[in-house]
Every structure is written in structure tokens, then in C-alpha cells.
Novice: 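Have a look at the structure that comes next, please.
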Amino acid sequence: GDSVTQMEGPVTLSEEAFLTINCTYTATGYPSLFWYVQYPGEGLQLLLKATKADDKGSNKGFEATYRKETTSFHLEKGSVQVSDSAVYFCALSYNQAGTALIFGKGTTLSVSS
Amino acid sequence: ETGVTQTPRHLVMGMTNKKSLKCEQHLGHNAMYWYKQSAKKPLELMFVYSLEERVENNSVPSRFSPECPNSSHLFLHLHTLQPEDSALYLCASSQGKGVLFFGSGTQLSVL
């Protein structure tokens, strides 16, 4: 069945470092792909999304490109801040309506000043 | 105001208790969800109500019972839970296309 695999965390970086969080997926069709973020004590919120191959989603300095050839959707940011410390979830939507999401296990990012 | 409000934020219950979690969305969405979040595991979709039709994960035990009286309210009724049911229970709503809006969750501890 469809699945999402994220790199294991935690990821620990210094402020202004470059961030990459790897995400690969397995899907029978052409899913939409998402990154969600969860700050401490809160629910998840959408960070960015891409709906078809070669689309690039971006928000708040974060980017991810839908790579069909490598079935990947890696999250990147050029210069992280302490406020980016959170748990990041990669997800795919496996139905047309977008009501069925599969999430990865999440990657914890900790940024120190 | 996140648009999706969950109560209570924290709940401690014994294995013989009956309790309910409540979720309310003020976004006009047509789908609502219950997810279970446990440490080091992927988020587990428990139930979806979409256009008043319920879709459920067949692996969810019957001690969890959802109720969706209208498009703005969602409940999760709990009875005779087990300690392994301790987790963060997240409610979400959406208007489709995979964009979900989550509440802050109910942290449940079963003793």
C-alpha cells in the first residue's frame, strides 16, 4: 500500500545552518504531497504542498520539490532559526478528494542559537 | 483562535471510565477527522466524516466510538480503554485537497 518514509531524527542544527529533511514515498497513483509542522503544545499545520510532478511548494523560507523519478519530496531551508524548532511531518494524499492522508513518523528539528 | 477547538486539553481516566472528547470547527469545512498521535509512530487516522459519511480505519478498537451530529461538531466516545490507548488525540477539519486544519489535541492518559 501507499506509504511515507522520513529520515529519523532528531536533527540538531545551529541557527543559520542549512536544513534538509528527507522524505520518500510509495504510491500506486499520483498523490499530492505535503509537509506539515507541529510546534510544541499545538496541533499540526500545513507548511507547504505540491500536487503534481516537478511542482515546488514553498512557505516561510521552506521549499520542497515533487520528484516523481526519485519518489521524493525533501524539505529544505537555507537558513534555519530557533523558531523553526518543531516536528515536521511529510504526508501524501491517496484519494482524489484529499480526505485520506498518510503521514510519516515525523522528524524533530532542534535549532540552537 | 485556530478555527478547530478541542476539549478537554488533558484527560486522565481509569480503565472502567466512560468519557468523551469534543471537537468543534468554525471554518465551514465539510470533513472532520480523528487522529491518534503516539510517540515514534506515524499519525494514525481513526475516523473520517466527509459529507456526513463515515469512513473508519478497521484496525480501531470498538472501545472508540465517534459521533458527528453536524458538520461543525465531532465527538469521540471512550469506554473501557487500555493503558496503550494513552496518546494525543487530534481532531482536524478540511474542505478536501489534503489541506487539514488541526486542533491542539487532547492528551489522554489511561491508568
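Numbered from 1 within each chain, the chains take letters A, B, ... in sequence-line order.
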Novice: Restricting to non-hydrogen atoms, name the atom on Tyr36(A) and the atom on Leu100(B) that form the minimum distance, rounded to 0.1 Å.
Specialist: OH-N, 2.8 Å
Novice: Between Val48(B) and chain A, with a heavy-atom cut-off of 4.5 Å, which part of the residue counts as in contact: side chain, backbone, both or neither?
Specialist: side chain
Novice: Cluster question for you: counting only ILVMFWY and a side-chain heavy-atom cut-off of under 4.5 Å, with indirect links fine, are Leu21(B) and Phe75(B) together?
Specialist: no
Novice: Do other residues, nucleotides or ligands put more than 12 heavy atoms under 6.0 Å from the CD atom of Glu16(A)?
Specialist: no
Novice: Answer with side chain, backbone, both or neither: which region of Gln6(A) has an atom nearer than 4.5 Å to a non-hydrogen atom of chain B?
Specialist: neither
Novice: Checking Gln95(B) against chain A: side chain, backbone, both or neither under 4.5 Å from a heavy atom?
Specialist: neither
Novice: What do you reckon, is CZ of Phe18(A) surrounded by more than 12 foreign heavy atoms closer than 6.0 Å?
Specialist: yes
Novice: Taking atom CD of Glu8(A) as the centre, report whether more than 12 heavy atoms of other residues, nucleotides or ligands fall under 6.0 Å from it.
Specialist: no
Novice: So which atom in Phe103(A) and which in Pro42(B) form the shortest heavy-atom distance, rounded to 0.1 Å?
Specialist: O-CB, 3.5 Å
Novice: Verify the cluster assignment for Phe64(B) and Met15(B): are they in a single hydrophobic cluster under the rule of side-chain heavy atoms below 4.5 Å apart?
Specialist: yes
Novice: Look at the side-chain heavy atoms of Ile, Leu, Val, Met, Phe, Trp and Tyr, link any pair under 4.5 Å apart, and say whether Tyr33(B) and Leu27(B) land in one connected group.
Specialist: yes
Novice: Let me see the working for Leu101(A) and Tyr35(B) under side chain to side chain contact (heavy atoms under 4.5 Å, CB included), right down to the final yes or no.
Specialist: CA-CA 11 Å; Leu101(A) 291 188; Tyr35(B) 279 90; 3.8 Å; yes
Novice: Go through the steps to decide whether Leu44(A) and Leu43(B) satisfy the test side chain to side chain contact (heavy atoms under 4.5 Å, CB included), and finish with yes or no.
Specialist: CA-CA 11 Å; Leu44(A) 282 70; Leu43(B) 260 70; 3.9 Å; yes
Novice: Going from CG on Leu90(B) to CD on Gln38(A), what distance comes out if it is rounded to the nearest 0.5 angstrom?
Specialist: 6.5 Å
Novice: Between Ser104(B) and Gly41(A), what is the shortest heavy-atom contact and its length?
Specialist: CB-O, 4.1 Å
Novice: Taking every heavy-atom pair that is under 4.5 Å apart, which of Lys41(B), Glu44(B), Gln6(B) has the most such pairs with chain A?
Specialist: Lys41(B)
